[in-house]
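First comes the structure, then the notes that go with it.
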Amino acid sequence: MRRSGPFRHAAAMLIREATTEDWPAIWPFFHDIVAAGETFTYPLQLGHDDARDWWILAPPQRTVVAVDEDGTVLGTAKMNRNHMGNGSHIAGGSYMVDPAHAGRGVGRALCSYSLDWARDAGFRAMQFNAVVETNERAVRLYQSLGFEILGTLPEGFRHPSHGFVGLHIMHRRL
């Protein structure tokens with residue numbers, strides 16, 4: 001199943017390629033999620049332009065948005081090669097869902113889309129390098145989609161309320 005064009009998800013959302021024109025809709029929730037410091041290893045003070053350059057990837061990598069029938073951006077994902085050289089057959093992905101639209105299956109749809117993209121692009125596996133262990137919703141979602149926790153970096157993440165917690169490395173064969 002080729003994922004190069006728009007994909008209509010059963011939950012009344014469309015997943016399509018993101019453009020720089022989508023950034024004004026992504027930035028508010030991106031900023032809030034990163035600034036909260038609970039789930040991403042990005043700098044807490046990451047600025048607008050740097051964040052855009054980190055998130056909106058050039059082909060052959062891919063950044064997508066999930067939008068509802070009205071065109072509202074519900075969430076976003078980026079998919080890329082996780083490693084270079086002899087490890088370039090492993091894909092990576094990152095996902096952000098606008099908290100105002102949590103619980104609607106947006107994260108599941110984005111992750112499923114990225115798995116299809118990676119498979120279609122010829123990757124042999126997908127790996128997440130740094131899933132914060134206290135991000136239990138994400139961990140459960142990834143496990144329900146076939147990811148395993150390969151290991152945990154003890155105290156690899158400084159959570160603002162839980163202190164030092166582990167970072168899971170998660171993997172799924174394609």
Would a 4.5 Å heavy-atom cut-off, applied to side chains only, mark Ile169 and Leu153 as touching? no
Mind listing the closest non-hydrogen atom pair of Glu17 and Asp22 along with its distance? O-OD2, 4.0 Å
Are Phe128 and Tyr95 side-chain neighbours, meaning at least one heavy-atom pair lies under 4.5 Å? yes
Can you tell me how far CZ of Arg173 sits from CD1 of Ile90, rounded to the nearest 0.5 angstrom? 8.5 Å
Just so I know, are the side chains of Thr76 and Val65 near enough to count as touching, which here means a heavy-atom distance under 4.5 Å? yes
Could you tell me which non-hydrogen atom of Ser144 sits nearest to which non-hydrogen atom of Arg108, and how far apart they are? OG-NH2, 2.8 Å
Which atom pair, heavy atoms only, marks the closest approach of Leu150 to His171? CD1-CB, 3.4 Å
Which atom names give the shortest non-hydrogen contact between Gly146 and Arg172, and what distance separates them? O-CG, 3.6 Å
Quick check: do Phe157 and His162 have side-chain heavy atoms less than 4.5 Å from each other? no
When you measure from the side chain of Ser94 to the backbone N and O of Lys78, does any donor-acceptor pair fall under 3.5 Å? no
Any heavy-atom pair between the side chains of Val132 and Val165 that's under 4.5 Å? yes
With ILVMFWY side chains joined below 4.5 Å, transitively, what does Phe164's cluster contain besides itself? none
Please work out which of the three classes, parallel, tilted or perpendicular, describes the rings of Phe40 and Trp55, given edges at 30° and 60°. perpendicular
Does atom CD (Gln143) have a neighbourhood of more than 12 heavy atoms from anything else shown, all under 6.0 Å? yes
Check whether any side-chain heavy atom of Trp54 lies under 4.5 Å from a side-chain heavy atom of Pro43, and answer yes or no. yes
Value for CG (Asp98) from CZ (Arg104), rounded to nearest 0.5 Å, stands at 9.5 Å
Rounded to the nearest 0.5 Å, the CG atom of Asn80 sits from the OG atom of Ser114 at a distance of 10.0 Å
Heavy atoms only: give me the nearest Ile33-Val97 pair and the separation to one decimal. CD1-O, 3.6 Å
Going by salt bridge (Lys or Arg N to Asp or Glu O under 4.0 Å), name the pairs with one or both residues in residues 37-50, residues two or more places apart or in two chains. Asp49-Arg52
Can you tell me how far CG of Leu110 sits from CE of Met13, rounded to the nearest 0.5 angstrom? 7.5 Å
Nearest-0.5 Å distance that lies between atom CZ in Arg62 and atom OH in Tyr113: 3.0 Å
Candidate pair Thr152 and His168, rule side-chain hydrogen bond (donor to acceptor under 3.5 Å, both in side chains), full reasoning: CA-CA 4 Å; Thr152 304; His168 294 318; 2.7 Å; yes
For the residue pair Ala109 and Ile15, what are the closest heavy atoms and their distance? O-CD1, 3.6 Å
Are Leu167 and Met96 connected into the same hydrophobic cluster when the rule is that any two of I, L, V, M, F, W, Y join if their side-chain heavy atoms are below 4.5 Å apart? no
To the nearest 0.5 Å, tell me how far Leu115 CG sits from Phe123 CZ. 12.0 Å
Side chains of Ile149 and Glu133: does their closest heavy-atom pair fall under 4.5 Å? no
Per-pair distances, 0.1 Å, donor-acceptor, side chain in residues 23-31, under 3.5 Å, sequence neighbours excluded:
unit_1: Trp23; atom_1: NE1; unit_2: His48; atom_2: NE2; d: 3.3

